[in-house]
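I have placed the structure first, in the form of structure tokens, so that the comments after it can refer back to it.
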Amino acid sequence: QVQLVESGGGLVQAGGSLRLSCAASGRTFSRYAMGWFRQAPGKEREFVARITASGSSTYYGDSVKGRFTISRDNAKDTVYLQMNSLKPEDTAVYYCASDSNPFGSNRWSDYNYWGQGTQVTVSS
């Protein structure tokens with residue numbers, strides 16, 4: 001059974017940083033693309049970032065480009081999201097997700113497995 005467990009969320013002031021982690025188990029992690037999405041209250045789930053299975057390519061949503069960095073360690077079956085220069089509008093529940101292919105997608109509906117989410121709150 002595939003499990004994704006996020007950690008690293010919390011409360012931070014605007015301009016601060018957080019690093020989210022997502023530990024995977026139950027499948028060969030290095031074969032699949034991984035993504036991060038977020039959802040704020042009353043809003044649709046939003047694409048944040050994704051990384052291909054090998055880690056050679058990364059993609060970002062427009063609202064986080066230049067501030068967030070996705071990475072992965074296939075030896076540790078873990079994907080990370082480094083978030084810098086945080087803004088109040090980054091406040092949301094952040095989810096990691098595992099795709100069904102090595103390349104990934106910006107659409108949340110294409111992902112097979114999801115973590116439980118971790119809350120990120122940015123105060124002004």
Side-chain angles (χ1 to χ4, degrees):
Q1 183 178 356
V2 177
Q3 284 194 319
L4 302 175
V5 180
E6 301 102 334
S7 61
L11 174 64
V12 64
Q13 288 189 332
S17 298
L18 282 175
R19 188 194 197 202
L20 305 184
S21 300
C22 173
S25 62
R27 72 192 308 197
T28 306
F29 179 77
S30 61
R31 290 183 181 175
Y32 303 101
M34 297 292 295
W36 285 97
F37 293 79
R38 67 186 182 186
Q39 190 164 19
K43 294 189 177 181
E44 293 187 355
R45 191 163 297 192
E46 177 188 11
F47 167 71
V48 175
R50 64 181 172 97
I51 186 167
T52 55
S54 66
S56 60
S57 296
T58 57
Y59 306 85
Y60 297 93
D62 289 342
S63 60
V64 306
K65 278 180 185 175
R67 300 188 298 121
F68 290 12
T69 302
I70 188 171
S71 62
R72 65 191 295 160
D73 185 338
N74 284 347
K76 295 183 178 180
D77 290 356
T78 301
V79 62
Y80 305 97
L81 185 68
Q82 177 67 45
M83 306 186 294
N84 298 329
S85 303
L86 283 161
K87 305 175 181 180
E89 51 264 43
D90 294 318
T91 296
V93 177
Y94 283 71
Y95 299 90
C96 73
S98 179
D99 207 331
S100 59
N101 64 73
F103 308 107
S105 165
N106 293 5
R107 296 186 301 269
W108 66 265
S109 57
D110 289 341
Y111 287 76
N112 302 80
Y113 300 100
W114 292 83
Q116 81 287 353
T118 186
Q119 177 71 46
V120 171
T121 303
V122 184
S123 63
S124 57

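Numbering starts at 1 and runs along the sequence shown. Treat the numbers as computed from the prediction; the structure is a model and nothing was measured.
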### V122: partners by side chain to side chain contact (heavy atoms under 4.5 Å, CB included), with sequence neighbours left out
V12, A14, L86, P88, D90, T91, V120

### Task
Determine whether Y95 and Q39 make a side-chain contact, defined as any pair of heavy atoms from C-beta on separated by less than 4.5 Å.
yes

### Task
Kindly state each residue pair satisfying disulfide bond (SG atoms under 2.5 Å apart) with at least one member in residues 23-76, sequence neighbours excluded.
none

#### Entry: Verdict with supporting geometry, V48 and Y60, side chain to side chain contact (heavy atoms under 4.5 Å, CB included)
CA-CA 6 Å; V48 175; Y60 297 93; 6.0 Å; no

### Query
Between A92 and A40, what is the shortest heavy-atom contact and its length?
CB-N, 3.9 Å

### Task
Provide the full list of side chain to side chain donor-acceptor pair (under 3.5 Å) pairs with a residue in residues 68-77, sequence neighbours left out, each pair given once.
R72-N74

### Query
Should the heavy atoms of other residues, nucleotides or ligands under 6.0 Å from CH2 of W114 be counted, would the total exceed 12?
yes

### Task
Please report the C-alpha distance between E46 and S63 in whole Å, then the side-chain angles of each, then the deciding distance to 0.1 Å, and finally whether the side chain to side chain contact (heavy atoms under 4.5 Å, CB included) criterion is met.
CA-CA 10 Å; E46 177 188 11; S63 60; 3.1 Å; yes

### Query
If you look only at pairs with a residue in residues 108-121, which of them pass as a salt bridge (charged side-chain N to carboxylate O under 4.0 Å, His left out), with sequence neighbours excluded?
R107-D110

### Query
Please, which pairs that meet side chain to side chain donor-acceptor pair (under 3.5 Å) have at least one residue in residues 48-59, sequence neighbours excluded?
R50-N106, S54-S56

## Note on the structure
salt bridge (charged side-chain N to carboxylate O under 4.0 Å, His left out) pairs touching residues 55-65, sequence neighbours excluded, are D62-K65

Tell me which donor-acceptor pairs under 3.5 Å the side chains of residues 3-10 have, and how far apart each pair is, sequence neighbours excluded?
| residue | atom | partner | partner atom | Å |
| --- | --- | --- | --- | --- |
| E6 | OE1 | Q116 | N | 3.0 |
| E6 | OE1 | Q116 | NE2 | 3.4 |
| E6 | OE1 | G117 | N | 2.9 |
| E6 | OE2 | C96 | N | 2.9 |
| E6 | OE2 | G117 | N | 3.3 |

### Task
Any chance you could measure R38, atom CZ, to K43, atom NZ, to the nearest 0.5 Å?
8.5 Å

### Message
Test of understanding: with side chain to side chain contact (heavy atoms under 4.5 Å, CB included), list the residues that count as partners of S123, not counting sequence neighbours.
### Response
L11, Q13

#### Entry: Joint hydrophobic cluster, M83 plus V79, side-chain heavy atoms closer than 4.5 Å
yes

## Note on the structure
To the nearest 0.5 Å, atom OG of S109 lies from atom CZ of R45 at 10.5 Å

### Message
Please say yes or no: joined through hydrophobic side-chain contacts below 4.5 Å, possibly via intermediate residues, are Y113 and I70 part of one cluster?
### Response
yes

If you look only at distance, which donor and acceptor atoms sit under 3.5 Å apart when one is on a side chain in residues 17-30 and the other is two or more places apart or in another chain?
| residue | atom | partner | partner atom | Å |
| --- | --- | --- | --- | --- |
| S17 | OG | N84 | OD1 | 2.9 |
| R27 | NH1 | S98 | OG | 2.7 |
| R27 | NH1 | D99 | O | 3.2 |

### Any residue meeting ring-ring contact (aromatic ring centres under 6.0 Å, His included) with Y111, in chain and number order, not counting sequence neighbours
F37

### Message
Could you measure the distance from the OH atom of Y94 to the CH2 atom of W36? Nearest 0.5 Å is fine.
### Response
10.0 Å

### Query
Residues two or more places apart in sequence or in another chain: which of them pass ring-ring contact (aromatic ring centres under 6.0 Å, His included) with Y80?
none

### Query
If you link I, L, V, M, F, W and Y whenever their side-chain heavy atoms are under 4.5 Å apart, who else ends up in the same group as Y32?
none

### Query
Is there a side-chain contact between K87 and S124 (heavy atoms, below 4.5 Å)?
no

